[in-house]
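Remarks on the structure that follows.
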Amino acid sequence: MYFLSGMTAETARLLSSCYMVVLGLGVGMVLQVTLLAVQNAVTHSDLGVATSSAQFFRTLGGSFGVAIFGAIMNARLLEELPLRIPADVVESLSGRVTELLSTPTAIRALPRDVASGVTSSVEVALQDVFFWAVPIMVLSFVLSWRLKEIPLRETVGDIPAIEGIEEATVANKTRI
């Protein structure tokens, strides 16, 4: 995550792709392990509720994350654009910033000095997004060490209580 906060417009595509692949693999592995931990921590009868709750809160967290980090990026972008492009261009782009940033073709169509200003503004805003994600990642990592370790189950379904098995065995022997 830290490396993503240091990317610039000049970062090679191969290097940025490698950073994103590592991030994606890490997130993908964590998502499966946390779901397995949740499923292992509940009884078999609560498995569906636990799985759906984990998925629901993961989706909710993703929605909040996109909203929060999108707000950080937009705020930084609106702060940086006036510093990097001429004032008359900022006024002409005021209502079109989102449509301008939705496609690289729109940025390339701008004059070179304006396009480089927009690109560097996006660069700074994106760096800030990843920069603010690092403390959340570190906090999550630290909190993960406080989780109680529960050994994985070796059976499927609920195991009847041992007392119940012994009582059933005694009852069967007395009938015979």
Side-chain angles (χ1 to χ4, degrees), residues 1-41 50-87 89-147 149 152:
M1 194 70 87
Y2 174 75
F3 295 112
L4 291 173
S5 70
M7 286 194 323
T8 65
E10 288 79 34
T11 302
R13 281 190 183 191
L14 180 62
L15 183 60
S16 64
S17 295
C18 289
Y19 289 159
M20 288 184 237
V21 164
V22 169
L23 176 68
L25 286 172
V27 169
M29 289 181 196
V30 166
L31 293 178
Q32 294 306 312
V33 170
T34 55
L35 183 61
L36 184 62
V38 166
Q39 290 174 337
N40 189 56
T51 303
S52 62
S53 295
Q55 293 296 95
F56 172 73
F57 286 112
R58 181 179 295 162
T59 304
L60 195 64
S63 297
F64 276 111
V66 167
I68 290 167
F69 290 126
I72 291 171
M73 183 166 175
N74 286 337
R76 285 295 291 154
L77 190 61
L78 292 175
E79 200 175 290
E80 290 293 322
L81 274 175
L83 301 175
R84 299 179 187 275
I85 59 177
V89 177
V90 172
E91 290 175 19
S92 68
L93 294 176
S94 64
R96 299 180 337 157
V97 172
T98 53
E99 80 181 50
L100 171 70
L101 298 176
S102 64
T103 174
T105 308
I107 296 174
R108 284 189 209 112
L110 295 170
R112 186 177 270 314
D113 61 332
V114 175
S116 68
V118 170
T119 303
S120 63
S121 297
V122 170
E123 176 184 310
V124 169
L126 196 58
Q127 286 174 346
D128 276 5
V129 167
F130 286 114
F131 178 77
W132 284 106
V134 170
I136 295 170
M137 179 188 68
V138 169
L139 178 65
S140 299
F141 181 74
V142 168
L143 289 175
S144 73
W145 285 99
R146 298 191 45 86
L147 291 174
E149 183 178 350
L152 288 177

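We number each residue from 1, following the sequence as shown. Basis for what follows: all heavy atoms, side chains included, without hydrogens, waters or symmetry-related copies.
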Given the rule in the side chain to side chain contact (heavy atoms under 4.5 Å, CB included) test, do Val134 and Phe130 qualify, once you have shown the distances and angles that lead to the verdict?
CA-CA 7 Å; Val134 170; Phe130 286 114; 5.9 Å; no
Nearest 0.5 Å, what's the [atom1]-[atom2] distance between [X] and [Y]?
X      : Y      : atom1 : atom2 : answer
Leu25  : Met20  : CG    : CE    : 13.5 Å
Leu23  : Cys18  : CG    : SG    : 13.0 Å
Ser116 : Ile107 : OG    : CD1   : 11.0 Å
Leu15  : Glu10  : CG    : CD    : 13.0 Å
Thr34  : Phe57  : OG1   : CZ    : 13.5 Å
Thr105 : Leu110 : OG1   : CG    : 11.0 Å

Does Ala50 offer a backbone N or O that forms a donor-acceptor pair with the side chain of Ser53 under 3.5 Å?
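No, because the side chain of Ser53 does not come within donor-acceptor range (under 3.5 Å) of the backbone of Ala50.
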What pair of heavy atoms forms the shortest contact from [X] to [Y], and how long is it?
X      : Y      : answer
Leu31  : Arg58  : O-NH2, 2.9 Å
Val129 : Ile72  : CG2-CG2, 4.3 Å
Ser120 : Gly117 : OG-O, 3.0 Å
Arg84  : Ser121 : CD-OG, 3.2 Å
Leu77  : Ala125 : N-CB, 3.9 Å

How far apart are the C-alpha atoms of Val122 and Met73, what are their side-chain angles, what is the distance that settles it, and do they pass the side chain to side chain contact (heavy atoms under 4.5 Å, CB included) test?
CA-CA 8 Å; Val122 170; Met73 183 166 175; 4.1 Å; yes
